[in-house]
Structure formats: C-alpha cells, structure tokens
Amino acid sequence: MPELPEVETTRRELERVIVGRRVVTAYVGKPKMIVEPGSLRLTDIVGARFQAIGRRAKYFIFSFDRPATLLVHLKLSGQLVVRRGDQTLAAGGHPVPRFDTPLPHRATHGRFDLDDGLTLWMTDIRQFGRFIILDRSDVDGYFADRRLGVEPLVSEFTVDALAQALAPHRMLPIKAALLDQTNVAGLGNIYVDEALFASRLHPLRAAASLTPTELATLHTEIRSVLSYAIQNGVAELPAGKVDPDSNFPRAHGRFSLPCLFCGTTMARIQVAGRSTDYCPTCQGQSSTGKNPHERVG
DNA sequence: AACTACTCCTGGAGGC
DNA sequence: TGCCTCCAGGAGTAGT
C-alpha cells in the first residue's frame, strides 16, 4: 500500500526517466478515476513536456511546460511503471501485479505514451487510484481544501508541530490520529505501526496524552522509520504478511510472530478500522515514559 | 469540532 | 476442486 516512502522512491525513479519527455497520448480507461475540478481536461497535457515531479503527502505532482498539472494518487493498490518496449525503466507502488508483468494488464487503467519511445503505465487492481487535472495555480488550493498536515520529513515538522497537531485529540487513539492526513501527511497503516513500535507507544494511547518525552521520541521515530524505508527499500506486503525472517517492517505484518526485541508474541487489534500490530510488552499502556526494554534487557 | 461508520473495488486466503 | 466468506486499506462523505 503506497505510503510516503513508496511514493517518494517512485517519484525519484520517475523523475530520473521522464523529466524532459513529451506526452504524446494520455488515456485513462475508467472515467471515475479522472478528477477534473476546474476547466482543464486530461487531454490538456497532450503535447506537454514533463518539467518536474513533486510529491505532497501521498500525491505525485507532475508539472509540465504549461499550466496543466497532473496529480496522481495510488491509494491502496496503484502502481506506476515506465517502459520502453519490454524494458522497465522505472517502477513503484503496489507490487501486484509484478512490475515485470506484460502490459497492459487487465487492471491497467492509465497509459501515457511519451516521446523517445517511453510509456508510463498505471495499473490498479482495486481502481481506487485517481488522476487529478488542475491548473498549476490551483494545486496549493487543492491540498489546502484537504487540510493536509505537515510533511514529516521537512524542517517545519518539529516536536512542537507534532504536539500541536495531536493536542485537539483528547480521546482519539494515537494510531488513528497519525493515520489522519490532516495531522501528519504521508503516514499510512504500515508506518504508523512501525513508528509506534519504535517509540514503545501503545496504539490505543489517547493522542493528546503523550508526555513531552514521548512526543519527542515519536517525532524522532516517525522521521527515522520513513527515512529508513526511503533509503533501504520500502515495506510492501503483497499478502499482508511480512517475511518472518525479515527485520523490516519490524511491527506491521508480524502479528503472531515474536517481537524482535523481547520475544513476546506480537498482537493484532483493530484501531480506526485498521489492522494494528504491536508488542503487548514493549508497547504497554504505561505512560511513565520508561522504556520497557530497560527491564527486559 | 471531534469522532464513527460506511463506501469505493478486487484478488487472495482460508473454511468446509 | 469449488464454492463461499472474509480481509486488505486511503480518503471522501454522511451521520452522530
């Protein structure tokens, strides 16, 4: 499920390959996947040249040498692949179907032929992904309308910013608060579990109840987990389960497996309608800020 | 304002 | 083998 690290690593791959290329054809087979809030249409990017590929939260921002701008959201199961013939030049997102699958796949819904023989394919088993066409000047407003929170990897994301975002949520579980894109933008189910595990925080702790020490730890671990994933390969769990011998992800997908720190069997609960894996020992309800590992060894 | 429940989809897994 | 049910989850919306 593409979260911030998957979108960011994919963005970098795409940027390397398609910036400077010109769009020859733009086709999206499912009308419901096209969002055109203004006067611009998908066809308005035909003939345009890619200038830059940006990212905000889990949105790709494709900028061109004209005002028409394309946002892409992969939601749960979208993937982007750039091919020249059978050769894959860039790929990212949900790994099903496999990135080397012959395209178009029956779940391929977007096809953008570029000059230089390249094609950008969008495949999405669940059809939740979206192509959003906006005027360049309306992009900031689009995100503002969604009240997207701070980006966790920019300097504006401080401990204080995190504290302010969580403060209104007196009853909401910290897990639910971190999934809410208006608080922090870009985290999803996997990396919230990872950040809470690394921070030794129980997912049901009330968001506004964190001590200053816990907030500082959570702030550090959110950045650490995201940065690690971007640097070392992303956490995709095609079958919803992690490889038992892998040490990443360390929490999500490890339900019923031993905690990598203390050996306790990892538990799974539902929080905000999402499967949430955590260690009952390391992430106890204690709000003392004491690290359970100091006792476990 | 804060929070919950539901919706969109389909493939894969597990039960019998 | 073959049904059937359940599960996975980002984000928008409606309702409490």
Side-chain angles (χ1 to χ4, degrees), chain A residues 1-8 10 28-37 55-60 71-80 92-99 101 104-110 122-132 142-149 151-152 164-194 196 203-209 226 234-244 249 251-256 268-277:
Chain A
M1 328 323 155
E3 302 183 29
L4 189 154
E6 290 75 25
V7 176
E8 177 60 23
T10 306
V28 173
K30 297 277 182 188
K32 69 178 177 187
M33 295 176 74
I34 306 172
V35 181
E36 297 166 331
R55 179 189 59 76
R56 175 77 170 102
K58 302 166 193 168
Y59 291 85
F60 295 89
L71 309 188
V72 174
H73 199 304
L74 298 177
K75 291 290 185 80
L76 304 182
S77 54
Q79 64 171 231
L80 294 171
H94 192 59
V96 178
R98 291 166 46 115
F99 293 133
T101 293
H105 180 270
R106 59 193 154 87
T108 297
H109 303 299
M122 193 278 196
T123 301
D124 184 352
I125 288 168
R126 295 189 182 87
Q127 305 172 20
F128 288 170
R130 291 294 180 265
F131 298 87
I132 301 143
Y142 183 84
F143 293 133
D145 287 348
R146 273 142 198 82
R147 297 165 41 242
L148 285 181
E151 286 283 328
Q164 284 187 31
L166 298 180
H169 306 288
R170 313 198 71 82
M171 300 301 289
L172 192 67
I174 183 66
K175 162 96 188 212
L178 293 177
L179 283 175
D180 185 338
Q181 302 297 294
T182 69
N183 294 323
V184 179
L187 293 170
N189 203 37
I190 294 173
Y191 291 105
V192 170
D193 279 8
E194 294 306 298
L196 292 176
L204 289 176
R205 280 283 302 281
S209 77
L226 295 176
V234 296
E236 285 290 355
L237 310 174
K241 264 278 192 181
V242 73
D243 173 359
H252 194 81
R254 290 190 57 85
F255 161 62
S256 83
R268 167 165 288 192
I269 57 176
Q270 292 291 120
V271 183
R274 300 287 177 265
S275 290
T276 300
D277 295 350

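All chains are named by letter (A, B, ...) in the order of the sequence lines, taking the proteins before the strands, and each is independently numbered beginning at 1.
For A:Pro168, taking side-chain heavy atoms from C-beta onward, the closest of the listed nucleotides B:dC9, B:dA2, B:dG11 is B:dA2. Side-chain proximity of A:Arg126 to the nucleotides C:dG10, B:dT4, B:dC9 is greatest for B:dC9. Each of B:dC9, C:dG9, B:dT10 was ranked by its minimum atom distance to the side chain of A:Arg274; first place goes to C:dG9. Here the side chain of A:Leu76 is nearest to one of B:dC9, B:dT4, C:dG9, namely C:dG9. In this structure, of B:dT10, B:dC3, C:dG9, it is C:dG9 that holds the atom nearest to the side chain of A:Asn189.
Side-chain polar atoms of A:Thr276 and A:Gln270 form no donor-acceptor pair below 3.5 angstrom. A donor-acceptor contact closer than 3.5 angstrom is absent between the side chains of A:Asp180 and A:His169.
Taking OH of A:Tyr142 as the start and OH of A:Tyr59 as the end, the distance is 4.5 Å to the nearest 0.5 Å.
The CG-P distance, from A:Leu74 to B:dC8, rounds to 22 Å in whole Å. Here C:dA11 presents its P atom at 11 Å from CZ of A:Phe143, a figure rounded to the nearest Å. Atom pair A:Phe128:CZ and B:dT10:C1' shows a separation of 8 Å (rounding to whole Å applied). A:Arg56 has its CZ atom 15 Å from the C1' atom of C:dA11, to the nearest Å. As rounded to whole Å, 16 Å separates atom P of C:dA11 from atom CZ of A:Phe131. Atom NE2 in A:His94 sits about 10 Å away from atom C1' in B:dG12, given to the nearest Å. With rounding to whole Å, A:Asp180 atom CG is found 13 Å from B:dA1 atom C1'. Rounding to whole angstrom units, CG of residue A:Leu148 and C1' of C:dG10 are separated by 12 Å.
At least one side-chain nitrogen or oxygen of A:His169 sits closer than 4.0 Å to the OP1 or OP2 atom of B:dC3. At C:dG10, none of the side-chain N or O atoms of A:Gln181 fall inside 4.0 Å of OP1 or OP2 (strictly under the cut-off). Contact annotation: A:His105 does not reach the phosphate of B:dT10 (side-chain N/O to OP1 or OP2, under 4.0 Å).
When every heavy atom of A:Leu187 is checked against every heavy atom of A:Glu3, the shortest pair comes out as C-OE1, 3.9 Å. Pairing each heavy atom of A:Ala57 with each of A:Ala185, the nearest pair is CB-CB, 3.7 Å. Residue A:Leu226 comes nearest to A:Pro152 through the heavy atom pair CD1-CG, 3.5 Å, listed as atom of the first residue, atom of the second, then distance. Across all non-hydrogen atoms, the minimal contact from A:Pro203 to A:Pro173 is O-CB, 3.4 Å.
With A:Arg130 contributing its side chain and A:Phe128 its backbone, the two residues share a donor-acceptor pair below 3.5 Å.
Here A:Arg106 lies in heavy-atom contact (under 4.0 Å) with sugar-phosphate atoms only. Within the nucleic acid shown, A:Arg170 comes within 4.0 Å of sugar-phosphate atoms alone, with no base atom in reach, counting heavy atoms only.
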Taking only nitrogen or oxygen atoms into account, show me every contact under 3.5 Å that the protein makes with nucleotides 12-16 of chain C, one pair per line with its distance.
residue	atom	partner	partner atom	Å
C:dG12	OP1	A:Tyr59	OH	3.2
C:dG12	OP1	A:Arg146	NE	3.2

Can you give me the N/O atom pairs linking the protein to nucleotides 5-7 of chain C at distances under 3.5 Å, or say none if there are none?
none

Taking only distance into account, with no hydrogens and no angle test, what donor-acceptor pairs under 3.5 Å do side-chain atoms of residues 71-78 of chain A form with protein atoms, sequence neighbours excluded?
residue	atom	partner	partner atom	Å
A:His73	ND1	A:Lys75	N	2.8
A:Ser77	OG	A:Asp124	OD1	2.5
A:Ser77	OG	A:Arg126	N	3.1

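The one candidate from A:Arg268, A:Lys175, A:Arg254 that meets the salt bridge (charged side-chain N to carboxylate O under 4.0 Å, His left out) condition with A:Asp193 is A:Lys175.
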